[in-house]
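Just dropping this structure here.
Quick note on labels: first sequence line is chain A, next is B, and so on, each numbered from 1. FYI, side chains are in, hydrogens and waters are out, and symmetry mates aren't considered; it's all heavy atoms of this structure. The model shown is predicted, which means the values in this text are computed figures rather than measured ones.
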There are 2 protein chains.
Amino acid sequence: MTPDNLDRERWERAALDALERGGLAAVAVEPLARALGVTKGSFYWHFKSRADLIAATVARWERLHVDGPLQAAGAIDDPRERLMELLGRAGAKPPSIFIRLLDAVDEPVVRAAVARAAQERVAFLAKAFRELGLTPARARRQALLAYSTYVGRAHLARDAPELLGDQAALSRHIAEQLIG
Amino acid sequence: MTPDNLDRERWERAALDALERGGLAAVAVEPLARALGVTKGSFYWHFKSRADLIAATVARWERLHVDGPLQAAGAIDDPRERLMELLGRAGAKPPSIFIRLLDAVDEPVVRAAVARAAQERVAFLAKAFRELGLTPARARRQALLAYSTYVGRAHLARDAPELLGDQAALSRHIAEQLIG
DNA sequence: CCCTCACCATACGGCACCGTATTGACAGCG
DNA sequence: CGCTGTCAATACGGTGCCGTATGGTGAGGG
């Protein structure tokens with residue numbers, strides 16, 4: 001036992017990088033093998049198939065970029081500050097991996113993960129808005145609105161960045177409008 | 001002269017449909033030929049290459065789904081109503097072709113069109129907000145916010161529709177928050 | 001000292017697509 | 001009737017990827 005999995009890990013890291021840079025199409029066996037300086041022989045030792053690698057990559061993203069940040073923000077007591085943290089961070093570093101995944105929802109594994117992420121994030125936001133005193137229904141709608149802006153901004157950051165102008169000012173504007 | 005272009009038109013229509021259903025990857029010569037009941041021989045008569053078809057398809061989308069609606073809304077005098085029209089329509093029919101294009105911004109032609117669309121739409125919204133009395137800077141930020149929600153909602157409609165719940169209520173909520 | 005086993009290389013067949021001939025079919029006109 | 005131009009079918013070669021089969025290689029255990 002104790003499979004130290006260190007080379008499998010290497011493949012997974014490379015896959016996540018490739019996803020960010022070239023989309024899911026770049027999470028392909030032969031290109032990755034070239035990038036890693038090995039051949040497919042290695043890959044098919046560590047993974048059952050390309051689908052297997054994709055599943056692992058998506059799961060990795062979910063751990064690192066969905067559950068992680070949500071747990072971190074959950075440690076903040078004040079709901080207003082918690083929201084600021086989440087919506088502010090959205091402005092700072094545009095989550096390009098996320099958009100790459102949205103580009104690939106035709107893959108059922110990806111669609112499932114993306115849907116789960118949306119569900120968790122909206123629920124998290126809704127809870128914060130409830131703590132701010134909004135009614136449950138209103139809090140949920142406000143959460144959907146906030147999450148929509150998050151996704152939309154990520155898109156603009158990638159596809160029309162020159163449009164965004166002063167990011168910090170926009171972040172303040174959005175926070176003011178949505179959190180109040 | 002007078003190339004009646006009727007069969008080229010058929011290819012273009014089919015391409016736009018395929019784009020909506022299967023993304024840009026589905027805008028492929030051989031699959032489309034199969035769907036149309038012809039062979040590639042026809043295609044390479046009407047088009048120089050696949051890139052040519054893609055360019056034509058994107059241009060078609062831009063005419064039908066960007067410039068068209070914007071001109072239509074431009075006919076509304078009252079800026080509040082104009083905004084309602086645009087943001088409301090966003091809730092009614094989720095523009096899945098648009099999302100498919102976002103999925104394909106790696107293609108430079110697509111990226112250019114998407115960026116142009118964003119630029120035009122944001123400018124249009126900003127003008128409306130200015131007419132509502134906002135300062136230019138504030139109007140622009142508000143326009144960016146509104147457009148972000150548009151994109152984000154389109155994403156949710158496709159990838160996590162069960163999350164959206166009552167669309168009409170959400171539309172009202174968003175309008176209330178953004179237009180006031 | 002050899003053998004096993006984890007690990008990787010090589011080489012192959014298959015598939016789906018792009019693009020290029022080359023060859024027909026058919027309509028209108030002289 | 002034959003010629004020409006428009007359009008489509010067939011057939012081919014090329015590319016990039018997936019997955020499999022099979023053959024090394026080197027380190028540790030008996």
Practice problem: Take atom NZ of K48(B) and atom C1' of dC7(D), then tell me their distance rounded to the nearest Å. | Solution: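 Nearest whole value for this atom pair: 19 Å.
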Quiz item: Rounded to whole angstroms, how far apart are CG on L53(B) and C1' on dC18(C)?
Solution: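 For the pair L53(B) CG and dC18(C) C1', the rounded distance is 13 Å.
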Practice problem: Just jot down the side-chain contact (heavy atoms from CB on, under 4.5 Å) partners of R111(B), sequence neighbours excluded, or say none. | Solution: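 In terms of side-chain contact (heavy atoms from CB on, under 4.5 Å), with neighbours along the sequence ignored, R111(B) is linked to R158(A), D159(A), V105(B).
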Exercise. Test R50(B) against E30(B) for salt bridge (charged side-chain N to carboxylate O under 4.0 Å, His left out), laying out the working first.
Key: CA-CA 10 Å; R50(B) 181 181 178 243; E30(B) 288 172 359; over 6 Å; no
Self-check item: Rounded distance in Å - CG (D52(A)) to C1' (dC18(D))
Solution: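 Going from D52(A) (CG) to dC18(D) (C1'), I get 14 Å.
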Quiz item: Is there a salt bridge (charged side-chain N to carboxylate O under 4.0 Å, His left out) between E176(B) and R138(A) once you walk through the steps?
Solution: CA-CA 12 Å; E176(B) 174 191 330; R138(A) 206 173 163 72; 3.1 Å; yes
Practice problem: Could you list by number each residue of residues 18-40 of chain B showing a heavy-atom separation from DNA chain C of less than 4.0 Å, or answer none if no residue does? | Solution: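 Residues of residues 18-40 of chain B under 4.0 Å from DNA chain C: A28(B), V29(B), E30(B), P31(B), R34(B), K40(B).
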Practice problem: Check step by step if salt bridge (charged side-chain N to carboxylate O under 4.0 Å, His left out) holds for E20(B) and R100(B). | Solution: CA-CA 6 Å; E20(B) 176 156 19; R100(B) 288 305 199 175; over 6 Å; no
Quiz item: Can you find a heavy atom in the side chain of P79(B) that is under 4.5 Å from one in the side chain of F129(B)?
Solution: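 Side chain of P79(B) against side chain of F129(B), heavy atoms only: no contact under 4.5 Å found.
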Self-check item: Contact nearer the 5' end of DNA chain C, comparing R50(B) with G41(B)
Solution: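 On the 5' side of the pair lies R50(B).
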Quiz item: Of all the choices, dC7(D), dA6(C), dG19(D), which nucleotide is nearest to the side chain of W45(B) once you look at every atom?
Solution: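 The answer is dC7(D).
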Quiz item: Rounded to whole angstroms, how far apart are CZ on F43(B) and P on dG19(C)?
Solution: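 Those two atoms, CZ and P, are 8 Å apart.
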Quiz item: So is R121(B) actually on top of F98(B)'s ring, under 6.0 Å and inside 45° of the axis?
Solution: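 Cation-pi check for R121(B) and F98(B): passes.
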Quiz item: Within this structure, what is the CZ-to-C1' distance between F47(A) and dC18(D), rounded to whole angstrom?
Solution: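 One finds 16 Å between C1' of dC18(D) and CZ of F47(A), rounded.
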Quiz item: Whole-Å distance between dA6(C) P and R10(A) CZ?
Solution: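 My rounded result for the distance is 20 Å.
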Practice problem: Please report, rounded to the nearest Å, how far the P atom of dA6(C) is from the CH2 atom of W11(A). | Solution: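 In whole Å, dA6(C) P and W11(A) CH2 are 19 Å from each other.
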Practice problem: Report which part of the nucleic acid Y44(B) touches: base, sugar-phosphate, or nothing (heavy-atom distance under 4.0 Å, all strands). | Solution: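 Counting heavy atoms under 4.0 Å across all strands, the contact made by Y44(B) includes a base.
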Quiz prompt | Criterion side-chain contact (heavy atoms from CB on, under 4.5 Å) against V58(B), the qualifying member of L16(B), L53(B), L101(B) | solution =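 It is L101(B), the one option of L16(B), L53(B), L101(B) that forms the side-chain contact (heavy atoms from CB on, under 4.5 Å) with V58(B).
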Quiz item: Hey, is the side chain of H46(A) poking within less than 4.0 Å of OP1 or OP2 on dC8(C), counting only N and O atoms?
Solution: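 For dC8(C), OP1/OP2 do have a side-chain N/O of H46(A) under 4.0 Å.
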